[in-house]
Amino acid sequence: MNIVTAGMLVSFSGIIVVCLGLFGILPNTTQTLNYVFIGIGWVFILIGIVIRIIGMKLERKNK
């Protein structure tokens, strides 16, 4: 799997978690747990962005 594709998958999974947290689909007992889910989703989004940037730099370097 290409590293850029892996970064996109990580970002998309983070986006899905954030959306599920915002719409209240994820099972949560308190509002704090909802914020934790949204925070975890943002962490995945940011990690995916970093992975994609690194992958694009590596591809550009190889060409």
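Quick note: residue numbers are just sequence positions, from 1.
For the atom pair CG (Leu26) and CD1 (Ile16), the distance works out to 11.0 Å, reported to the nearest 0.5 Å.
Nearest heavy atoms, Ser11 versus Arg52: OG-NH2, 3.7 Å. For the residue pair Ile38 and Leu22, the shortest heavy atom distance occurs at CD1-CD2, 3.6 Å.
With sequence neighbours excluded, the residues forming a side-chain contact (heavy atoms from CB on, under 4.5 Å) with Leu33 are Asn28, Thr29, Thr30, Phe37, listed by chain and number. The side-chain contact (heavy atoms from CB on, under 4.5 Å) search around Leu58 returns Ile54, not counting sequence neighbours. The side-chain hydrogen bond (donor to acceptor under 3.5 Å, both in side chains) check on Asn62 picks up nothing, with sequence neighbours excluded.
Sequence neighbours left out, not one pair with a member in residues 32-51 passes side chain to side chain donor-acceptor pair (under 3.5 Å).
Its side chain within the 4.5 Å cluster rule, Val36 clusters with Ile3, Val4, Val10, Ile40, Val43, Phe44, Ile47, Ile51, Met56 among the Ile, Leu, Val, Met, Phe, Trp and Tyr residues.
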